[in-house]
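Here the structure comes first, spelled out in structure tokens, and everything after it is commentary.
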Number of protein chains: 4
Amino acid sequence: MNRKAELKRQQIIKAAYQAVSDKGYEAVTLQDIANYANVSKGVPNYYFQNKEDVLAHLLAQITERIYKKEKEAVEKETSAQEMLQAYINTVFVSPEENEKFYRVYLDFLAQATKNNRYREINARFYQNCASISKEILTQAKKENVFVVNDFETAGRAIRTMIDGYMIQWMMTGDHAQHRSYKQACYQAITTYLS
Amino acid sequence: MNRKAELKRQQIIKAAYQAVSDKGYEAVTLQDIANYANVSKGVPNYYFQNKEDVLAHLLAQITERIYKKEKEAVEKETSAQEMLQAYINTVFVSPEENEKFYRVYLDFLAQATKNNRYREINARFYQNCASISKEILTQAKKENVFVVNDFETAGRAIRTMIDGYMIQWMMTGDHAQHRSYKQACYQAITTYLS
Amino acid sequence: MNRKAELKRQQIIKAAYQAVSDKGYEAVTLQDIANYANVSKGVPNYYFQNKEDVLAHLLAQITERIYKKEKEAVEKETSAQEMLQAYINTVFVSPEENEKFYRVYLDFLAQATKNNRYREINARFYQNCASISKEILTQAKKENVFVVNDFETAGRAIRTMIDGYMIQWMMTGDHAQHRSYKQACYQAITTYLS
Amino acid sequence: MNRKAELKRQQIIKAAYQAVSDKGYEAVTLQDIANYANVSKGVPNYYFQNKEDVLAHLLAQITERIYKKEKEAVEKETSAQEMLQAYINTVFVSPEENEKFYRVYLDFLAQATKNNRYREINARFYQNCASISKEILTQAKKENVFVVNDFETAGRAIRTMIDGYMIQWMMTGDHAQHRSYKQACYQAITTYLS
DNA sequence: AATGAATGAGGGTTCATTCAT
DNA sequence: CATGAATGAACCCTCATTCAT
């Protein structure tokens, strides 16, 4: 039975992702989430403590998924250059998906400044991202491509540029510029690492 | 009379700044703003069309102020190195002020993905920031310190790193690390430009 | 379940009838309606789109009910004279009921000049009233009592006098004069038709 | 000085007429009235006790004016037929003016069922209207055109038909039908009196 | 386990009224 | 006299949450 409950929770979180992406973090209602999940209004409250609890689980899940996708993509490659490229490609996957994810993620970042639960979830995400950078940089060192000693600092810089460029692209509101921001991001990172 | 009204509007915007910083964009109420301004509930609506109007004025004002401060600080200096240092110093002015500003600013960035008015205000801010970078890079070229040809791309990279590092620092929630993030940011920019 | 909901809607409309009759169309609040229905504040909004929706349903219902009552009463009779008498008797049913209904109905008439939805509901009511008059006049023609050829004109005249006398009686605010206004109305109509 | 004050009051009442006619009794605000009168927001409250006081004076004034106009028009004529015709012509003066006046007047009638002050003002208006009818009927008796003994009853019937037809016309919302309702009204009255 | 009716706090907004200037 | 800034009550409406079924 616990198995069934977990499925239901997944269904609700998935619906919440759609709902928040479409309506926005502040505009979304539990009714919206229930509608997207094709369940009745009381269900989200039945499977979660309250609205914030649903959204916190959503944040935890989407950051976890994104991380796994990025990690997988990077680990498929062998050379440092390819790994970095794969990383960036997976982050800048497509205008549509990026818009959807970052709309939600930006809302969470904004909330996280006042909400410790969100902050902690995001901290884990950052750590995970750092581990990806570390993998790439370790390989780069082996290959003697980028010679970086302080993995932590460089990893932070990489994520900084990814987030920074993504936000700047989001602010343009222009899908057509997605490719150029992606390239600029890749360029900036390699320039930085060289 | 118009003078007095302008002062009142300032008072309300200032109160809104405090209120949004404390409660967050979505949680703040007109009652909160009125309370922070020590006026009655109806006053914000008397001086502004509606809640969004108050907040849009707030965004416009804080971005404008930040820009002017940064510009002034940069223009006081003569060498490119000092200009960049002054820029970063002004951006990373203090944990307290940065926390206050970026709490509000992050909220607006999140909103801007769904609200054109905010998006436009932010676009102007980005342009202004680009003009500061340009000034620095122009001087750098003269001095032959950083040799950058594409000012736009480099300017974007600079702002990207500033925002990126600031957000990462915000997510730590730790005032003590402010200095180290500032240095990392400076380092990353100079590394990138070299 | 739908059955239950319909009952609830009826309950709210009935409460709205009382509330509007007591407080007036413009003065009545959703809170009033909720109070009269012995439900909480949110219920009217749960069963209806908004306040106007409640009131439009109220208008539609009371005009429909009045019409049906009048029609039934008229169709019970056989001679034209009796039919007319029954019509007038049903319209001028009692000071209490008339006061209640016309308080509400007058409010709606006043609103109808600015609100198309109300105007249309009233137009249907007028048509229904005209059909009653037509039935009476058709019978009268058979009996050779009143010889009227233009049913539409005469029907309009009948309703005109009914509404006109009723409003004049309302303005007296005097229940005791109800009978005399009813008689005057009947007299005026028969005089007009002869 | 009292003279000047009276002028100001007139100015406000006139503005209130325009404002109520345009916005409706329930929608009109003191700000609207002040705007139409080209005075500041505080003025209506300065010259009248409160909003209702303004509106009560408005009702008293417009009914008085209408009565005087009707009376004058009737007294210009000599024969009973012409007097009645002049009466009806003055009442049904034009679609525009009638719509303006009756929009306001209907609102007042609706209010009058719950507001004694309005009721009394309207009662005086009805008396005045009755006196006009009486004049006409007196002349008619002299001429042996309509032989009516009970002036009060007949006068009431006349006003009933006037109000009734006017309201029915208002409900059509159609300026083009104004003429036909006027004729129907005249016809109905003469039929009734014959 | 799931529903959805019901609650009621709290939001933004409007506006009559007051009152210092 | 006149202004219009300020007040705050009251409106409609939304929605998270509860709970009987």
Side-chain angles (χ1 to χ4, degrees), chain A residues 1 4-5 8 12 26-35 37-55, chain B residues 1-2 4-5 7-9 11-12 26-34 37-55, chain C residues 1-2 4-5 7-9 12 26-34 37-55, chain D residues 1 4-5 8 26-35 37-55:
Chain A
M1 288 310 105
K4 226 173 170 182
K8 210 83 187 177
I12 291 160
E26 59 162 330
V28 87
T29 68
L30 283 176
Q31 179 74 72
D32 289 329
I33 294 172
N35 290 346
N38 268 324
V39 295
S40 76
K41 201 189 178 200
V43 171
N45 268 300
Y46 187 82
Y47 285 97
F48 295 89
Q49 285 177 4
N50 51 32
K51 189 184 176 182
E52 193 201 302
D53 193 33
V54 178
L55 295 174
Chain B
M1 289 306 112
N2 220 325
K4 235 174 169 175
L7 281 172
K8 207 80 190 181
R9 287 166 67 94
Q11 179 188 346
I12 292 160
E26 58 162 328
V28 86
T29 70
L30 284 173
Q31 180 75 71
D32 288 331
I33 295 172
N38 267 323
V39 293
S40 74
K41 197 189 176 190
V43 170
N45 270 301
Y46 186 78
Y47 285 96
F48 296 89
Q49 286 179 356
N50 49 39
K51 187 185 177 184
E52 190 197 302
D53 194 34
V54 178
L55 296 173
Chain C
M1 289 304 112
N2 220 325
K4 234 174 170 177
L7 281 174
K8 208 79 188 183
R9 288 166 68 93
I12 292 160
E26 57 162 329
V28 87
T29 70
L30 283 173
Q31 180 75 73
D32 288 330
I33 295 172
N38 268 324
V39 293
S40 76
K41 199 189 173 189
V43 171
N45 270 301
Y46 185 78
Y47 286 96
F48 296 90
Q49 286 180 354
N50 50 36
K51 187 185 176 184
E52 192 198 302
D53 195 35
V54 179
L55 295 174
Chain D
M1 286 311 106
K4 229 173 165 179
K8 209 82 185 178
E26 58 161 333
V28 87
T29 68
L30 282 176
Q31 181 74 72
D32 289 330
I33 294 171
N35 289 347
N38 269 322
V39 294
S40 75
K41 201 189 178 201
V43 171
N45 268 299
Y46 188 81
Y47 284 98
F48 296 90
Q49 287 177 2
N50 51 34
K51 190 184 177 184
E52 191 201 303
D53 194 31
V54 179
L55 295 173

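Sequence lines set the chain letters: A, B, ... in the order given, protein chains first and strands last, and positions in each chain run from 1.
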Discussion item. Starting the side chain at C-beta, find the nucleotide from E/dA6, F/dA6, E/dA2 nearest to A/Y47.
Written reply: E/dA2

Discussion item. From CG of D/N35 over to C1' of F/dT3, roughly how many Å is that when rounded to an integer?
Written reply: 13 Å

Response to the item:
Whole-Å distance, A/L55 CG to F/dA16 C1', equals 12 Å

Response to the item:
Secondary structure of DNA chain F per the Watson-Crick/G-U criterion (both distances under 3.5 Å; [ ] crossing, | other strand, . unpaired) is .||||||||||||||||||||

Worksheet item: Which pair of non-hydrogen atoms, one from C/A27 and one from C/D32, has the smallest distance, and what is that distance?
Response: O-OD2, 3.9 Å

Item to complete: Measure the distance from CD on C/E26 to P on F/dA10 and round it to the nearest whole Å.
Response: 16 Å

Practice prompt. Looking only at side-chain atoms of D/K51, point me to the closest of F/dA6, E/dT17, F/dA16.
Written response: E/dT17

Response to the item:
In whole angstroms, the gap separating P of F/dG4 from NZ of B/K8 amounts to 16 Å

Discussion item. Under the rule for side-chain hydrogen bond (donor to acceptor under 3.5 Å, both in side chains), what residues qualify as partners of B/Q31, not counting sequence neighbours?
Written reply: B/N35

Worksheet item: Among E/dA2, F/dA6, E/dA6, which nucleotide sits nearest the side chain of A/S40?
Response: E/dA2

Discussion item. Looking at every non-hydrogen atom in both residues, tell me the closest pair between D/P44 and D/I33 and how far apart they are.
Written reply: CG-CG2, 4.5 Å

Discussion item. To the closest 0.5 Å, what do you measure between NZ (C/K41) and OG1 (C/T29)?
Written reply: 9.0 Å

Practice prompt. Give a yes/no answer on whether the side chain of C/K41 brings an N or O atom under 4.0 Å of OP1 or OP2 in E/dA6.
Written response: no

Worksheet item: Taking atom P of F/dA10 as reference, at what distance in whole Å does atom CG of C/D32 sit?
Response: 12 Å

Response to the item:
Rounded to whole Å, the CD1-C1' distance (B/I33 to E/dG11) equals 12 Å

Discussion item. List the residues meeting side chain to side chain contact (heavy atoms under 4.5 Å, CB included) with B/S40, not counting sequence neighbours, and say none if there are none.
Written reply: B/V43

Worksheet item: Considering only F/dT18, F/dG8, E/dC15, which nucleotide approaches the side chain of A/N45 most closely?
Response: F/dT18

Practice prompt. Please name the pair of heavy atoms, one in B/A37 and one in B/Q11, separated by the smallest distance, quoted to 0.1 Å.
Written response: O-NE2, 2.9 Å

Fill in: Closest-nucleotide 5' rank along DNA chain F - winner of A/N50 and B/V39
B/V39

Worksheet item: For B/Q31 and E/dA9, what is the distance between atoms CD and P respectively, to the nearest whole Å?
Response: 16 Å

Cut-off 3.5 Å, no hydrogens considered: what does the side-chain donor-acceptor table look like for residues 45-55 of chain B, sequence neighbours left out?
unit_1	atom_1	unit_2	atom_2	d
B/N50	OD1	B/E52	N	3.3
B/N50	OD1	B/D53	N	2.9
B/K51	NZ	B/V28	O	2.8
B/D53	OD1	B/H57	ND1	3.4
B/D53	OD1	B/R117	NH1	3.4
B/D53	OD1	B/R117	NH2	2.7
B/D53	OD2	B/Q49	N	3.0

Worksheet, complete the sentence: Result for 5'-nearest mapping on DNA chain F, choosing between B/Y46 and C/L30, is B/Y46

Discussion item. Rounding to an integer number of Å, can you tell me how far B/E52 CD sits from E/dG11 C1'?
Written reply: 16 Å

Worksheet item: If you find the nucleotide of DNA chain E closest to C/N38 and the one closest to B/Q49, which residue's nucleotide is nearer the 5' end?
Response: C/N38

Worksheet entry | C/R9 CZ to C/N2 CG distance, which is reported to the nearest 0.5 Å | 9.0 Å

Using atom names, set out every protein N or O paired with an N or O of nucleotides 19-21 of chain E below 3.5 Å, distance rounded to 0.1 Å.
none

Practice prompt. Answer with base, sugar-phosphate or nothing: what part of the nucleic acid does A/V28 contact at a heavy-atom distance below 4.0 Å?
Written response: sugar-phosphate

